[in-house]
Colleague: 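Quick one: the structure is below, and I'll ask about it shortly.
Quick note: residue numbers are just sequence positions, from 1.
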Amino acid sequence: MDSRSHTHVTAALRLCLHALLTGLLALVAVRAVGEGAPHAGAVVALTLVTAGVYGAGALAGTPGPAGAGARAGKGARVASVRQRASVRPGTRSAALWLATLCALWLALLVLSPDALWVAFPLYFLQLHLLPTRWGVPAVVVTAAAAITSFVVHRQEIAPGAFIGPLIGAAVAIATVLGYDALFRESERRRELIVELVATRAELAEAERTAGTLAERERLAREIHDTLAQGLSSIQLLLRAAERTLPGDAPAAAHVRAAREAAQANLAEARSFVRALTPPDLEHGSLAAALERLCARTTGPDLTVRFAVSGTPVELPTPYEVALLRTAQSALANTVRHARAGRAEITLSFMDTSVALDVVDDGRGFDPSGAPVAERGDGGFGLPAMRSRAATLGGTLSVESAPGQGTALAVTLPLAGPQRSQERAA
C-alpha cells in the first residue's frame with residue numbers, strides 16, 4: 001500500500017472524527033437548551049469545555065484518525081505501542097488528555113442523557129491512544145457507562161439501550177483492529193518489495209561484477225600472452241644490446257631510453273591486468289605524475305614545462321587516469337608530429353571543473369580535416385582522448401592551424417558539494 005494513500009486516508013479519518021465529536025457535542029447543547037432541561041446552562045458550559053479540551057489536543061497533534069489510521073502514518077514504531085503493557089512515557093500526555101475528556105464526558109453524562117452518543121467517537125480515541133490490552137477494556141467501560149446513563153435517565157430498560165452502545169463498541173473494535181491488521185500486512189508487503197528491489201539491484205551488481213571479472217581475466221590472458229611477453233622480450237634484447245655497446249657509443253643513450261620505455265610500458269600492461277591505477281599515479285599526486293612526464297619528455301629539441309593553476313583538490317581516480325592519459329597521448333603526438341621546440345602542460349582547478357591544457361609551438365594541423373586514422377598512419381590519439389573525456393561527462397577541444405601550433409584542452413566537471421567540502425578542508 002502506498003504511503004501517500006495512508007496520508008490521505010489518515011487525513012480523511014481525522015476530519016471525520018473531528019466532525020463527529022463536534023457535531024455530537026453541539027447536539028447535546030442544542031437539545032438541552034431546546035427542551036429546557038433543568039441543567040441546561042451547566043450542560044452548555046460542559047460541552048464548551050469538552051470541545052475546548054478536544055480542540056487543544058487536536059491542535060497539539062494528540063488525537064489522530066479513527067483507529068489505526070494514525071499508526072499508518074507513524075509506521076511500525078508507533079504500532080509497537082499496542083504490544084506494551086503500559087503507556088509509554090512519550091504518550092503520557094495523550095493518556096492524560098484522554099482521561100480529561102472521559103471525565104468531562106462522564107460529568108456531561110450525569111447531566112444529560114443525550115451525552116451517551118459522544119461515547120462513539122470516544123471509542124475510537126481510546127483504541128487509538130491506548131494499548132490494545134487497555135483500549136478494549138476502556139471501550140467496554142465506556143459502553144457500560146452509556147448504558148447505565150440511559151437506564152438512570154429514562155427510568156426504563158429497553159433493548160435499544162443495550163444494543164446501541166454495544167454494537168457501536170463492537171464496530172469500533174472491529175474497525176480499529178481490522179485496519180491495524182491491514183496496515184501490518186501492507187507494511188510487511190512494503191518491506192518485502194523493498195527487499196526484493198534491493199536484492200534485484202544486488203543481483204544486477206553481482207552480474208556486472210562477474211562480467212567485469214570475466215572480461216578482465218580474458219584481457220589479462222591476452223595481455224600476458226602478447227603485449228607483456230613482447231615487451232619483456234624487447235627489454236631483454238635491449239639490455240643485451242646495451243651491454244655490447246661501448247659506454248661512450250652515441251647509440252647507447254638511445255638504447256637505454258628504449259629499454260626504459262619498454263620497461264615502463266611493461267609495468268603499464270601489468271597494472272592494467274591488476275585493474276590498478278597507472279604506475280605514475282601510485283607514488284604521488286596527479287600533479288607530480290605530470291611533472292615527471294614533462295621531465296621525461298624534455299630533450300635536446302623539446303622543452304616541456306608544467307604548471308598548476310587554482311587550488312588543487314583530490315580528484316577521483318578515473319579523473320586522474322583520464323587526465324594523465326590525455327597528457328601522455330598529447331605529448332606523444334607533439335614529439336612524433338609537431339616538430340615543436342616548446343610545449344607546456346597546465347592543470348587548472350576551478351570551482352566546478354578541472355581542466356588540462358597542452359600547448360605547443362609546433363607546425364600544427366587543420367582540426368577540421370581528415371582524422372589521423374583516416375590518413376593511413378594508424379593513429380587514434382584524438383578520438384581516444386575525446387571518448388575518454390566523454391565517458392566522464394567532460395569535453396575535449398582542439399585549436400590548431402598549420403604553422404601556428406596546437407592547443408588541446410580537456411575539461412571534466414566537479415561535483416558542487418564535493419568541491420565545497422574539499423575547499424573547506
Side-chain angles (χ1 to χ4, degrees), residues 10 13-14 16-29 32 39 42-71 73-74 77-150 152-153 165-166 168-173 175-177 179-180:
T10 299
L13 292 175
R14 182 181 293 113
C16 291
L17 181 62
H18 296 341
L20 178 62
L21 186 57
T22 304
L24 291 175
L25 288 175
L27 177 64
V28 173
H39 304 289
V43 171
V44 172
L46 273 176
T47 55
L48 292 177
V49 172
T50 304
V53 172
Y54 181 82
L59 293 177
T62 300
R71 287 189 295 277
K74 298 177 184 177
R77 177 181 61 84
V78 183
S80 65
V81 171
R82 294 197 172 277
Q83 308 300 326
R84 303 291 185 89
S86 60
V87 179
R88 294 184 308 165
T91 61
R92 287 177 181 173
S93 58
L96 179 61
W97 173 80
L98 179 61
T100 304
L101 275 181
C102 291
L104 291 172
W105 173 72
L106 290 175
L108 192 61
L109 198 62
V110 172
L111 299 177
S112 173
D114 297 322
L116 69 88
W117 304 111
V118 183
F120 293 101
L122 287 179
Y123 293 157
F124 292 100
L125 286 177
Q126 290 165 347
L127 291 171
H128 165 56
L129 294 176
L130 298 177
T132 303
R133 60 184 304 175
W134 284 19
V136 173
V139 170
V140 173
V141 171
T142 302
I147 294 172
T148 302
S149 171
F150 182 89
V152 170
H153 283 287
L166 291 179
V171 170
I173 293 174
T175 301
V176 171
L177 297 184
Y179 194 89
D180 199 16

Colleague: Could you measure the distance from the CG atom of Leu111 to the CG atom of Leu106? Nearest 0.5 Å is fine.
Modeller: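 One gets 11.5 Å once the value is rounded to the nearest 0.5 Å.
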Colleague: Applying side-chain contact (heavy atoms from CB on, under 4.5 Å), can you list everything that pairs with Ala170, at least two apart in sequence or on another chain?
Modeller: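 For Ala170, no residue satisfies side-chain contact (heavy atoms from CB on, under 4.5 Å) once neighbours in sequence are set aside.
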Colleague: Could you tell me which non-hydrogen atom of Val44 sits nearest to which non-hydrogen atom of Thr47, and how far apart they are?
Modeller: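 Answer, listing the atom of Val44 first, then Thr47: O-OG1, 2.6 Å.
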Colleague: Please state whether the rings of Trp117 and Phe120 are parallel, tilted or perpendicular, taking 30° and 60° as the class boundaries.
Modeller: parallel
Colleague: Closest approach of Ala145 and Leu109, non-hydrogen atoms and distance?
Modeller: O-CD2, 3.4 Å
Colleague: Restricting to non-hydrogen atoms, name the atom on Gln126 and the atom on Cys102 that form the minimum distance, rounded to 0.1 Å.
Modeller: NE2-SG, 3.5 Å
Colleague: Taking side chain to side chain contact (heavy atoms under 4.5 Å, CB included) as the criterion, tell me which of Thr100, Val28, Thr142 meets it with Trp105.
Modeller: Thr142
Colleague: Kindly compute the distance separating CZ (Phe124) from CG (Leu129), expressed to the nearest 0.5 Å.
Modeller: 13.0 Å
Colleague: Using distance only, find each side-chain donor-acceptor pair of residues 20-27 under 3.5 Å and give its atom names and separation, not counting sequence neighbours.
Modeller:
| from | atom 1 | to | atom 2 | distance (Å) |
| --- | --- | --- | --- | --- |
| Thr22 | OG1 | His18 | O | 2.8 |

Colleague: Are any side-chain N or O atoms of Trp97 and backbone N or O atoms of Val53, one a donor and one an acceptor, separated by less than 3.5 Å?
Modeller: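 Indeed, once roles are kept as given, a pair shorter than 3.5 Å links the two residues.
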